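See below for the structure under consideration.
Remember, predicted model here, so these are calculated numbers, not experimental data. Excluded from the calculations below are hydrogen atoms, water molecules and symmetry mates; all remaining heavy atoms, backbone and side chain alike, are included. Counting begins at 1 with the first residue of the sequence.
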Amino acid sequence: MPIASPLWALLAIPILLRLLKSKPLPSRETVVLPHEERVVLLGASSGVGRDLAHAYAKRGAKICLVARRSDTLERVKAECISLGAKGENLLVVPADITSTDDLIKVREAVEKAWSGLDTLHILAGLPSTSMLMDLAGVSLNKQDANKPPSGAPLSFSNSAGEEDSAGPSKAGLDKVAFEARAVSEVNYVGTILALTCFLPLLASTSKSPALHHLSSVAATVPAPHRVIYAATKSAGLMAVESCRVECEGCGVRFFSFCPGTIDNEFRLKTSTSQSGGRDETKLPIKHKWEKLLLSPQKVIDIILYNLSLSPKPQPLIPYRPFSWIKSLSVPPKHLVHAPWQYRMAMMVRDTPIGWAYIEPGARRKYGLIGRP
């Protein structure tokens, strides 16, 4: 009797794997239909919030637009209607994410209009793009002689150009304090308040509740020109992550997104106005990092794709009998970086690769090569 050729066994492997492969769990969009989804956008007047409003409008979703500027919200509402949204499906609620009264007003409006919500987006944020010492009115200057005890070839001077080793003036420190408090109020306190205000309603009124927090790579990878911004975004991210652990079992899918530089106008804002910030994409700093620049559409695609995933654990190895072992199942990612290189940077930042490649790369990106 002839022995079967090993070639036939190799050809049978793909067929066998196909037969053993388990079916993926149904998308969240089969549970919460896109045209029935009730969405709250905290920070919908510009940037990612405005782009998300447009995307949900094309789906026919119910959208609550929230931001401080009512005139800008009305403009976004008109844009959503032009994209196919029905006027009765759009709520416009001018509100400050740092105000408890305003947040309750938003929650009550959503509960009255839709009896709850399915998806909460915490998007409001403020940038801070000044170097810390520059913000305080102090410059680091190279000098050839009279080195300090550390041996570093540096001296300090105030905004008037006078050498001052004691540090910034009271006015300089007050400026730093104002910036830190203003940015913290939105990026950290506002995130905490939004979580607290909406989580119970979200968990109790949706068949598949989801919460998305727009964070930043700056929350996980140190970067120059981002001292205050990075600290506040890191605090907000840890608040959401800790709340996720605390609320395990409440049914809410937590998803935090940490994008790199997005090609929009966000960095041109300041803590007090819509202009005056420092946007590296508008400066003559040309380096390889520009290949990592994210388009607004790419950001929206990543957010909506991750929110569409089933919140239930999926088999890590999707083949029987491994797919039957519950301990080998994992939930969808709760923390996503984009582009993927920033995820790698977060993982190796505290290794020799961090100080030998990543940190010099960051200084190059922000135009600091040549400075200590």
Side-chain angles (χ1 to χ4, degrees), residues 25-44 49 52-53 55-56 59-67 85-86 88-124 188-215 236-257 303-304 306-314 329 331-335:
L25 294 176
S27 164
R28 175 176 178 256
E29 293 178 355
T30 64
V31 180
V32 178
L33 301 180
H35 67 278
E36 296 178 353
E37 189 172 4
R38 300 164 298 174
V39 181
V40 174
L41 300 172
L42 300 177
L52 275 172
Y56 280 116
R59 295 179 168 201
K62 296 179 174 66
I63 314 167
C64 179
L65 304 170
V66 183
K86 297 178 181 178
E88 60 268 25
N89 286 343
L90 295 171
L91 289 179
V92 173
V93 188
D96 186 337
I97 193 175
T98 68
S99 166
T100 55
D101 288 337
D102 283 4
L103 287 174
I104 291 172
K105 178 178 67 174
V106 175
R107 187 182 68 197
E108 290 176 344
V110 169
E111 191 172 14
K112 180 179 179 181
W114 305 330
S115 302
L117 71 156
D118 299 299
T119 308
L120 174 68
H121 292 269
I122 304 177
L123 308 161
Y188 171 55
V189 177
T191 298
I192 289 280
L193 292 177
L195 279 171
T196 311
C197 182
F198 289 98
L199 193 56
L201 182 65
L202 178 65
S204 61
T205 59
S206 176
K207 290 183 285 188
S208 184
L211 183 152
H212 162 239
H213 171 233
L214 181 63
S215 186
L237 178 62
M238 286 302 103
V240 174
E241 285 291 278
S242 296
C243 186
R244 175 182 62 81
V245 176
E246 281 188 354
C247 296
E248 176 68 27
C250 74
V252 175
R253 160 82 195 288
F254 284 76
F255 165 55
S256 293
F257 180 43
I303 293 171
L304 294 180
N306 278 276
L307 289 176
S308 73
L309 299 175
S310 171
K312 297 180 180 179
Q314 298 268 12
S329 294
K333 290 182 179 179
H334 56 86
L335 181 61

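For the pair A109 and V93, the tightest heavy-atom approach, listed with the atom from each and the gap, is CB-CG2, 4.2 Å. Closest approach of L202 to A210, counting heavy atoms only: CD2-O, 3.7 Å. In terms of heavy atoms, I192 sits closest to A239 at CD1-CB, 3.4 Å. For the residue pair V110 and G116, the shortest heavy atom distance occurs at CG1-O, 3.3 Å. What you find for S206 and P209 is that their closest heavy atoms are OG-N, 3.3 Å. In plain terms, the two heavy atoms of V39 and A61 that are nearest each other are CG2-CB, 4.5 Å.
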Inset, instruction - Could you check L195 against L211 for side chain to side chain contact (heavy atoms under 4.5 Å, CB included), going step by step and ending with a plain yes or no? - result: CA-CA 9 Å; L195 279 171; L211 183 152; 3.6 Å; yes

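The closest donor-acceptor contact from the side chain of T98 to the backbone of G190 lies at 3.5 Å or more, if one exists at all. Remark: side-chain polar atoms of K105 are paired, donor with acceptor, to backbone N or O of P94 under 3.5 angstrom. Judged by distance alone, with hydrogens and angles left aside, the side-chain atoms of R244 form no donor-acceptor pair with the main-chain N or O of H334 at under 3.5 Å. In terms of modelled atom types and a separation under 3.5 Å, the side chain of D118 and the main chain of E37 share no donor-acceptor contact.
Salt-bridge annotation for K207 and E36: absent, with no side-chain N of the basic residue lying under 4.0 Å from a carboxylate O of the acidic one.
Looking at C247 and V252, their side chains never come closer than 4.5 Å, going by heavy atoms from C-beta outward. Here the side chains of L193 and T100 are in contact, with some heavy-atom distance below 4.5 Å. V106 places a side-chain heavy atom less than 4.5 Å from the side chain of F198.
In this structure, the separation between CD1 on I63 and CG on L117 is 13.5 Å, given to the nearest 0.5 Å. Interatomic distance, CG of L201 versus CZ of R107, reported as 7.5 Å (0.5 Å rounding). Rounded to the nearest 0.5 angstrom, F257 CZ and L237 CG are separated by 12.5 Å. Rounded to the nearest 0.5 Å, atoms CG (L42) and CG (D96) are 11.0 Å apart. Atom-to-atom distance recorded for L304:CG and L309:CG is 11.0 Å, nearest 0.5 angstrom. Distance check: F254 CZ to H213 NE2 gives 11.5 Å after rounding to the nearest 0.5 Å.
More than 12 heavy atoms of other residues, nucleotides or ligands shown are found within 6.0 angstrom of CD on E88.
The only member of K62, H35, H121 that meets side-chain hydrogen bond (donor to acceptor under 3.5 Å, both in side chains) when paired with Y56 is H121.
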